[in-house]
Amino acid sequence: MTHPVQPPPGEALPRDIAARKDFIREKVSADVASGRFGRPVHTRFPPEPNGFLHIGHAKSICLNFGIAREFAGRCNLRFDDTNPATEDLRYVDAIREDVRWLGFAWDEERFASDYFERLYEIAEAMVREGKAYVDSDREERIRAARGTVIEPGTPSPFRDRTAGENLELLRRMRAGEFPDGAHVLRARIDMAHPNMLMRDPLLLRIRHAEHYRRGAEWCVYPLYDFAHGLSDAFEGITHSLCTLEFKDNRDLYDWLVHEAGFARPPEQTEFARLELDYTVLSKRKLLRLVNEGHVAGWDDPRMPTIAGLRRRGVTPEAIRAFADTIGVARSDARIELATLEHAVRDDLNMRVPRVMVVARPLKLVITNYPEERVETLDAPLYPHDVPLTGSRPVPFSRELWIERDDFLEQPPKKFFRLSQGREVRLRYGYLVTCTGVVKDAAGEIVEVHATYDPATRGGDAPDGRRVQGTIHWVSARHALDCELRLYDRLFARADPDDVPEGQDFVAALNPNSLVTARGAKAEPSVAAAPPGSRYQFERTGYFMSDPIDSRPDALVFNRTVALRDSWARLKDR
RNA sequence: UGGCCCUUCGUCCAACGGCAGGACAGCGGACUUUGGAUCCGUCAAUGGUGGUUCGAAUCCACCAGGGCCAACCA
């Protein structure tokens, strides 16, 4: 077996990578081996700049750029900007940033709008050859004449215009002599074709609109099918990868590149688009969430957009690892959120420092600890099994904040945390034993009292006695107030489209997708955290200081993902 | 009432006519100064029927279920 795969510099080539990967890489391998294209592997990522990229796009980006990298080929970034009504430069910039952030560099940056001239010339050539004609029927009549999936279409009354007539009309369309919708250019294929896409598809339509790059220079705009395959061909793309719903478009893709005379045209291959539980991945739906204010914007940390994931604290490495584990295939797949969360934790575990932050503070008073005394404990930033070193000073004093959930008056079986008479370890601090509680008039616990064992400084008992529980804490006197944004799934249903008749996905939104914990207490070592700093808050989850809202005097942390919580599972039984 | 595509553990992906395997999730255990991590173990699948074959997840036929296609969107 030949190995066309090039290892990245400095890395060993994993054995049999070419043999074991997905069906697309197998195909590319075979094409490289046969020399079918007579040119290096060349892929492209072709977003339409009408919205932000999401994790589904990340799958495609990893595929296209990944294949180019593995086969020592090239990958273009091409903006498929053929619809002036919906596209915007703002999205072009966002897309560039997201692709780069994911860790990929494109070889050439292209725009379909740069090809308008060439496409128009091909249109004229097709007209001259009788392969295309100008249809002057009204839009509704064209639609009606297309037939249905079970009935053939009927030819347009304009289908038999002479090449001369068509050419003149096309030139006048181009010259701006007609209003929007007056004429369209159509391919002359077969109005009875079983594939509806082949029933004389529209190629050009008139739009007197301002294009974000071409201004008012053009008033005829190509449709997707006309622009896409030919753009691939212009760029010498070999493998044109897209999602399954474009399968039917492949007939037309092949027809067009053939008619345009390309000798070894690109080949389109389709794969299943990503679907994720408790999420929507459609730019149309995401745009609605933004426009209707269900989220704070495209980069709201609850959004499955690259920008949202980034702001939430997810790393590009985690997204790439996720893309790797879900694979590429042709069957419709809905991925469980746990798969993504695992990729995120797996990456963060190995790289972020640990600190202590109390989300819902409850006062713990160490009654036998001197009032004015403060000790500085040295606490490691990483656990024993992470190969990074470092520590930070953590102040300890008589009054501490602990997590409300870590004290229970009536502890159930298997509850290892604090309750009356119980001894627990304060992480890196002392062993303390609960001696009582103070309640307010309403019966709410406002303080927990405990005594500490001075011999257990650092958390080890010299007599070797074991405690079941270890809890985190923050010295009250030294605590930093901060805000925690606790994000959860955006939708309450695994399939947000699965809602009762008459409702849509908006009805499936999770009302608790964001819980804000104000008045959380952080240990002083995070005071210097610049925006975008990642931590693990011990026993709680991975957090990142919000790159926009967090300030030194008003820290804000986004929860990227919670830690696995086996107590929560136990408790629910 | 058409064309095309898909169907393997709960989920995702492999096995390309020759012992159905991995990951995630779950469960059990070991370890543990995070109920984290790690390690070990374990549960768990070829949609159905027929055919071809020494042998079928794999090839064929039919059936069932799911998806895409009737925008001057992409």
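Proteins get letters first, then strands, A, B, ... in listed order; numbering begins at 1 in each.
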Asks: Output yes if the stacking criterion (under 5.5 Å between centres, under 30° between planes) is met for A:Tyr224 over the base of B:A74, else no.
Replies: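 Here the ring of A:Tyr224 and the base of B:A74 are not stacked, as the 5.5 Å and 30° limits are not both satisfied.
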Asks: Applying a 4.0 Å non-hydrogen cut-off, can you work out what A:Asp225 is touching in the nucleic acid: base, sugar-phosphate, or nothing?
Replies: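 Counting heavy atoms under 4.0 Å across all strands, no contact is made by A:Asp225.
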Asks: What is the nucleic acid contact for A:Leu204, judged by heavy atoms within less than 4.0 Å: base, sugar-phosphate only, or nothing?
Replies: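 No contact at all - A:Leu204 keeps every heavy atom at 4.0 Å or more from the nucleic acid.
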Asks: So, do A:Ile24 and A:Leu63 sit near enough that their side-chain heavy atoms are less than 4.5 Å apart?
Replies: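 The answer is yes; the side chains approach within 4.5 Å.
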Asks: Nearest to the A:Val184 side chain among B:G35, B:C68, B:C72, which nucleotide is it?
Replies: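 The listed nucleotide nearest to A:Val184's side chain is B:C72.
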Asks: Can you tell me the base-pairing partner of B:A57? Count Watson-Crick or G-U wobble geometry only, both distances below 3.5 Å, and say none if there is no partner.
Replies: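 Partner of B:A57: none found under 3.5 Å.
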Asks: Measure the acute angle between the ring planes of A:His228 and A:Tyr253, then classify it against the limits of 30° and 60° as parallel, tilted or perpendicular.
Replies: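 Taking A:Tyr253 first and then A:His228, their aromatic rings sit tilted (interplane angle of 30° to 60°).
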Asks: Answer yes or no: is there a donor N or O on one side and an acceptor on the other, between the side chain of A:Asp200 and the main chain of A:Asp190, under 3.5 Å?
Replies: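 Indeed, once roles are kept as given, a pair shorter than 3.5 Å links the two residues.
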Asks: Pull up the glycosidic torsion of B:A15 and say syn or anti, syn being anything within 90° of 0.
Replies: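 Anti conformation here, the glycosidic angle of B:A15 being more than 90° from 0.
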Asks: Under 4.0 Å, heavy atoms only, any strand: does A:Lys414 hit a base, just the sugar-phosphate, or nothing?
Replies: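 The residue A:Lys414 makes base contact.
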Asks: Base, sugar-phosphate, or nothing: which does A:Asn195 touch, judged by heavy atoms less than 4.0 Å apart?
Replies: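 Touches nothing.
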Asks: Expressed as a whole number of Å, how far does the P atom of B:A56 sit from that of B:A74?
Replies: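 Straight-line distance between the two P atoms is 50 Å.
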Asks: Using atom C1' of each nucleotide, how far apart are B:C16 and B:U46 to the nearest Å?
Replies: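 It comes out at 15 Å once rounded to the nearest Å.
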Asks: Which sits closer to the 5' end of RNA chain B, A:Ala568 or A:Glu336, going by the nucleotide each is nearest to?
Replies: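 Whichever sits nearer the 5' end wins; that is A:Glu336.
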Asks: How would you label the contact of A:His228 with the nucleic acid (heavy atoms, under 4.0 Å): base, sugar-phosphate, or nothing?
Replies: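 It contacts nothing in the nucleic acid.
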Asks: What nucleic acid atoms does A:Thr148 come within less than 4.0 Å of, heavy atoms only: base, sugar-phosphate, or nothing?
Replies: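 Contact class for A:Thr148: base.
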Asks: Which base sits across from B:C68 as a Watson-Crick or G-U pair, both distances under 3.5 Å?
Replies: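 Its partner is B:G3 (Watson-Crick or G-U wobble, both distances under 3.5 Å).
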Asks: For B:C24, give the paired nucleotide (Watson-Crick: N1-N3 plus N6-O4 or O6-N4; G-U: N1-O2 and O6-N3; both under 3.5 Å), or none.
Replies: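 Its partner is B:G10 (Watson-Crick or G-U wobble, both distances under 3.5 Å).
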Asks: Measure the acute angle between the ring planes of A:Phe52 and A:Trp298, then classify it against the limits of 30° and 60° as parallel, tilted or perpendicular.
Replies: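 Ring orientation, 0 to 90° scale: parallel.
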Asks: Which is true for A:Arg273 with a 4.0 Å heavy-atom rule: it touches a base, it touches only sugar-phosphate, or it touches nothing?
Replies: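 Nothing, no nucleic acid heavy atom in range.
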Asks: With rounding to the closest Å, how many angstrom separate the P atoms on B:U11 and B:U53?
Replies: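 The answer is 36 Å between these two P atoms.
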Asks: Where does the angle between the aromatic ring planes of A:His57 and A:Phe45 fall among parallel (under 30°), tilted (30 to 60°) and perpendicular (over 60°)?
Replies: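 Ring orientation of A:His57 relative to A:Phe45: perpendicular.
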Asks: When you compare B:C6 with B:C12, how far apart are their C1' atoms, in angstrom units rounded to a whole number?
Replies: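 B:C6 and B:C12 have their C1' atoms separated by 15 Å.
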Asks: Decide whether a cation-pi geometry holds between A:Arg213 and A:Phe111; the criteria are a distance under 6.0 Å from NZ or CZ to the six-membered ring centre and an angle within 45° of the ring axis.
Replies: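 Flagged: A:Arg213 positioned over aromatic ring of A:Phe111.
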Asks: Pick base, sugar-phosphate or nothing for A:Phe246, based on heavy-atom distances below 4.0 Å to the nucleic acid.
Replies: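 Result for A:Phe246 = base.
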Asks: Can you tell which of B:C69, B:C5, B:G3 lies closest to the side chain of A:Lys247?
Replies: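 The answer is B:C5.
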Asks: More 5' along RNA chain B: A:Asn349 or A:Asp248, using each one's nearest nucleotide?
Replies: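 The residue closer to the strand's 5' end, by nearest nucleotide, is A:Asp248.
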Asks: Would you indicate which nucleotide in B:A74, B:A71, B:G36 comes nearest to any side-chain atom of A:Thr82?
Replies: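 Ranking B:A74, B:A71, B:G36 by closest atom to the A:Thr82 side chain puts B:A74 first.
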Asks: Considering every strand and a 4.0 Å limit on heavy-atom distances, what is the contact class for A:Arg564: base, sugar-phosphate, or nothing?
Replies: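 Since only primed, P, OP1 and OP2 atoms lie under 4.0 Å of A:Arg564, the category is sugar-phosphate.
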